[in-house]
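A, B, ... follow the sequence lines: proteins, then strands. Residue 1 opens every chain.
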Amino acid sequence: MSKGKVVSLSVGSGGKQMQDFIEEIIHTKFSNDILLQSSDSAILDISHGIESGKLAFTTDSFIVQPEFFNGGDIGKLSICGTVNDLAVSGAIPKYISLSLIIPEGYKYDDLERVLTSIQQEVFKSGVKIVTGDTKVMPIGTLDSILINTAGIGEIVKDLTQFSNISLGDNVIVTSDIARHSMAIMLARDEFGFVGDIETDSASLNKMMESVYSYDIKFARDATRGGLSTVLNEITSKIDFGIEIYEDKIPIRKDVESLCKTLGFDPLSLANEGVIVLIVSRRDTKKVVDVLRSNEYGEHATVIGEVSTCKSVVLNTFIGGRRYVEVPHGEILPRIC
Amino acid sequence: MNELINNASKKENIDKLLKQITVKSEGSRYRIMEICGTHTVSISRTGLRSILPKNIELISGPGCPVCVTSQGEIDLIFDLISKGLSIITFGDLLRIPSSKRENLLNARSEGADINVIYSPLDAIKIAKNDINKEYVFVAVGFETTAPAIAALIKEIASNDINNLSVLSLCKTMPEAIKYILSDDDLQIDGFLAPGHVTLVTGASLYNDIVESNRAVVVAGFEPIEILRAIDSIVDQVNSKKFMIDNKYKHVVSGKPNALALKMIDDVFKQSVSVWRGIGTLDNSGLQIRDIYSKYNALVKHSLSYNEKEEIKGCKCGAVLTGKISPMQCPLFAKSCTVDNPIGPCMVSSEGTCFAYYQYERLSL
């Protein structure tokens with residue numbers, strides 16, 4: 001770490017700076033074989049007690065402004081996020097820890113709302129909160145509630161291995177993209193826009209369980225940094241590129257037009273209910289059919305394939321081709 | 001409401017038009033400059049360049065307000081910060097580097113108060129919210145943005161808001177267009193004119209271009225609209241009958257917007273302005289009129305503009321005037337990246353270098 005330097009917001013934004021921070025600082029300081037896998041959950045080999053002998057373990061911290069928004073709140077996010085990190089790792093989520101860091105003076109009504117959301121989501125996803133912690137910070141040291149959850153799941157099928165991906169595999173997204181970012185953007189009410197865009201935040205473990213039996217090679221949820229970050233992470237670890245097709249990427253009309261107005265690339269925006277699956281050609285159709293029968297997979301579709309191209313290439317709807325870059329730093333609205 | 005996008009019918013129209021352009025342009029070379037950064041980004045993001053026949057070349061012009069902001073002007077923003085003032089500005093400006101290679105994001109991490117807004121009038125809300133802070137709204141923009149900034153200044157005055165002033169770095173297009181046309185080496189056959197600037201100025205802004213025997217088409221920002229404009233430019237060049245063609249009629253009448261122009265004129269006077277890569281152009285800047293000097297940050301905070309050298313090696317100027325493509329700049333994607341931009345063309349999401357870096361850097 002360079003002397004005198006301070007942490008900027010971009011380090012937490014899910015883009016290039018965050019990747020650099022993790023690789024250059026976290027990985028250097030705490031280097032070990034499990035951490036260096038950089039998976040959504042660490043895969044722990046305990047070799048006894050459970051059938052597969054493997055556990056998935058993950059943690060995530062949640063802070064969002066505003067805490068309540070269309071279709072969800074920070075409580076819901078804190079469960080869905082950890083449940084989904086386990087589910088995309090190929091695990092059945094089992095146990096969750098819940099840590100609350102609350103600013104002094106926080107309203108009990110709001111706390112009640114957050115905890116009720118957590119309760120509902122825990123029920124939906126079928127996990128148990130088995131341990132937790134509460135801290136209160138003095139007024140002025142924290143602006144809003146901060147939640148950390150960690151989760152343990154039982155591995156059914158390890159979906160974190162990049163080496164399972166082969167040339168010709170298909171790329172599936174399980175839902176339409178960019179909805180969460182735009183819901184938050186509207187809830188912040190900074191830009192004077194109104195709209196009815198709900199977050200896509202949902203626990204996707206049941207949907208994932210319904211497709212574990214098929215030939216899925218790899219899975220990851222497209223949260224911060226969006227689809228472009230996940231696809232670039234994948235191509236950086238394999239010998240191939242990924243070719244995707246703009247006209248196949250599901251996105252709602254209202255979401256797309258808001259992105260256009262603000263100058264945002266929907267491929268780089270955060271989702272809370274979208275998973276990227278890499279699936280063998282043989283099982284692609286079956287997987288899409290099963291996903292579509294799930295309430296959160298209605299718009300599941302094949303958006304591209306693992307190909308011999310360099311990095312991630314987007315075939316635009318007009319028939320053009322362009323490179324898909326990892327988003328850089330904070331995503332900022334443009335001037336005109 | 002929850003319907004997904006479907007571009008199938010758009011694609012059909014694009015294929016048809018593209019075929020038509022390919023046939024009629026065969027055998028000749030056409031160099032077309034898009035003046036506006038929004039066009040540049042649309043061309044890069046949709047991969048339009050990659051589907052056009054090779055004999056039609058699209059070149060980016062000086063139409064990104066962040067990109068043409070001179071180093072001396074940028075440094076004024078950092079002078080404000082060092083005086084301990086709170087900044088309100090557009091998101092596009094946050095990564096712009098000072099001559100010491102600082103930017104507003106880093107300044108914010110180090111404790112400076114930097115507020116991002118989308119609509120200028122929001123600055124009033126921010127200033128009213130904390131009357132103990134002294135705010136400066138940093139305004140960049142062309143004729144499109146200037147009316148909203150003028151409206152802000154009027155609003156500050158009529159509400160007599162004492163803790164908010166405006167640093168106007170706004171510029172106007174006519175002199176920049178004249179400058180580009182004055183270049184004897186300029187090999188441009190036609191211009192894509194920005195729809196939203198035309199909305200304010202009217203199409204007469206482009207009279208000089210037609211008089212120099214070049215085509216002008218006012219166009220929207222969808223790929224099909226850009227293709228229609230290219231089609232018209234090819235026709236004009238082939239027939240040697242040059243005119244201002246308005247392909248954006250559903251939005252732009254071609255007549256000036258008297259109300260917007262009056263708003264600009266009420267608050268601003270034309271002034272000399274320094275353009276990055278171009279230099280000093282008379283009557284190309286918008287300076288706040290004396291009657292509003294109470295709200296002019298230059299006056300209120302006794303700032304003085306000093307001309308600064310652009311960062312060494314940066315070829316933004318050549319990029320902005322269509323002389324080179326970003327890829328021909330020796331710093332591009334080497335020392336100058338989106339993460340660590342050297343020139344403002346790499347900073348703004350409407351900047352030419354940003355668009356190439358983000359979408360066209362790698363050969364596919």
Side-chain angles (χ1 to χ4, degrees), chain A residues 4-11 15-17 20 176 190-193 195-198 241 243 246-247 249-257 260-265 268 299 301 309-311 313-336, chain B residues 1-8 10-11 14-15 18 37-38 41 44-52 64-66 90-95 105-106 108-111 116-119 121-122 140-142 144-145 196 221 223-224 227 337-339 348-350 357-364:
Chain A
K5 199 174 156 186
V6 295
V7 173
S8 69
L9 272 177
S10 59
V11 168
K16 174 83 171 51
Q17 281 94 334
D20 291 348
D176 57 299
E190 280 172 0
F191 303 121
F193 295 111
D196 189 16
I197 299 174
E198 284 191 359
E243 190 112 10
E246 187 175 33
D247 56 0
I249 300 171
I251 178 165
R252 258 167 51 170
K253 279 185 177 169
D254 52 351
V255 173
E256 201 242 18
S257 75
K260 257 191 194 158
T261 310
L262 291 166
F264 294 155
D265 184 352
S268 298
H299 298 304
T301 191
C309 66
K310 289 178 198 163
S311 72
V313 173
L314 176 75
N315 291 274
T316 64
F317 82 90
I318 63 167
R321 277 161 70 78
R322 66 134 162 119
Y323 166 61
V324 178
E325 170 76 31
V326 186
H328 292 267
E330 270 178 79
I331 295 174
L332 303 163
R334 66 171 186 208
I335 298 174
C336 61
Chain B
M1 191 64 192
N2 298 347
E3 226 178 308
L4 299 185
I5 293 275
N6 182 350
N7 286 320
K10 282 190 192 167
K11 170 84 167 80
I14 280 173
D15 287 346
L18 190 64
T38 312
V41 172
S44 286
R45 187 182 276 181
T46 57
L48 191 68
R49 213 183 311 276
S50 67
I51 62 167
L52 282 175
C64 150
V66 176
F90 298 120
D92 260 2
L93 272 172
L94 293 202
R95 291 185 305 115
L105 285 172
N106 296 338
R108 188 177 63 187
S109 304
E110 281 160 16
V116 177
I117 55 169
Y118 187 76
S119 158
L121 285 175
D122 290 342
V140 298
F142 295 126
T144 338
T145 322
H196 44 20
F221 303 98
I224 184 80
L227 278 177
T337 64
V338 167
D339 287 329
S348 167
S349 61
E350 307 261 291
Y357 188 92
Q358 201 75 348
Y359 305 120
E360 301 191 69
R361 172 159 53 104
L362 297 189
S363 55
L364 301 173

I need the [X] [atom1] to [Y] [atom2] distance, nearest 0.5 Å.
X: B:Leu105; Y: A:Gln17; atom1: CG; atom2: CD; answer: 9.0 Å
X: A:Ser268; Y: B:Gln358; atom1: OG; atom2: CD; answer: 6.5 Å
X: B:Tyr359; Y: A:Thr316; atom1: OH; atom2: OG1; answer: 12.0 Å
X: A:Glu246; Y: B:Lys11; atom1: CD; atom2: NZ; answer: 11.5 Å
X: B:Thr46; Y: A:Leu314; atom1: OG1; atom2: CG; answer: 10.0 Å
X: B:Ile51; Y: A:Ile318; atom1: CD1; atom2: CD1; answer: 3.5 Å

Identify the two heavy atoms, one from [X] and one from [Y], that lie closest to each other, and give their separation to 0.1 Å.
X: A:Leu262; Y: B:Tyr118; result: CD2-CE1, 3.6 Å
X: B:Leu4; Y: A:Lys253; result: O-CE, 3.9 Å
X: B:Arg361; Y: A:Tyr323; result: NH2-OH, 3.2 Å

Query raised in the report: Partners of A:Asp247 by salt bridge (Lys or Arg N to Asp or Glu O under 4.0 Å), sequence neighbours excluded?
Result: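 For A:Asp247, no residue satisfies salt bridge (Lys or Arg N to Asp or Glu O under 4.0 Å) once neighbours in sequence are set aside.
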Contacting moiety of [X], where chain A heavy atoms sit under 4.5 Å:
X: B:Ser50; answer: side chain
X: B:Tyr357; answer: both
X: B:Arg49; answer: neither

**Report entry** Passing option when A:Phe317 is tested against B:Ile14, B:Asn6, B:Ile5 for side chain to side chain contact (heavy atoms under 4.5 Å, CB included)
**Finding:**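 So, applying the side chain to side chain contact (heavy atoms under 4.5 Å, CB included) to A:Phe317 and each of B:Ile14, B:Asn6, B:Ile5, only B:Ile14 qualifies.
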Query - Heavy-atom pairs under 4.5 Å with chain A, option from B:Ser348, B:Gly47, B:Ser44, B:Cys64 with the top count - result: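 When all of B:Ser348, B:Gly47, B:Ser44, B:Cys64 are compared, B:Gly47 has the most.
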Report task. Could you look at A:Asn315 and say if it's the side chain, the backbone, both or neither that has a heavy atom under 4.5 Å from chain B? Result -> neither
Query - Contact leader toward chain B among A:Val7, A:Ile249, A:Asp265, A:Val326, where contacts are heavy-atom pairs under 4.5 Å - result: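 Among A:Val7, A:Ile249, A:Asp265, A:Val326, the one with the most close pairs to chain B is A:Asp265.
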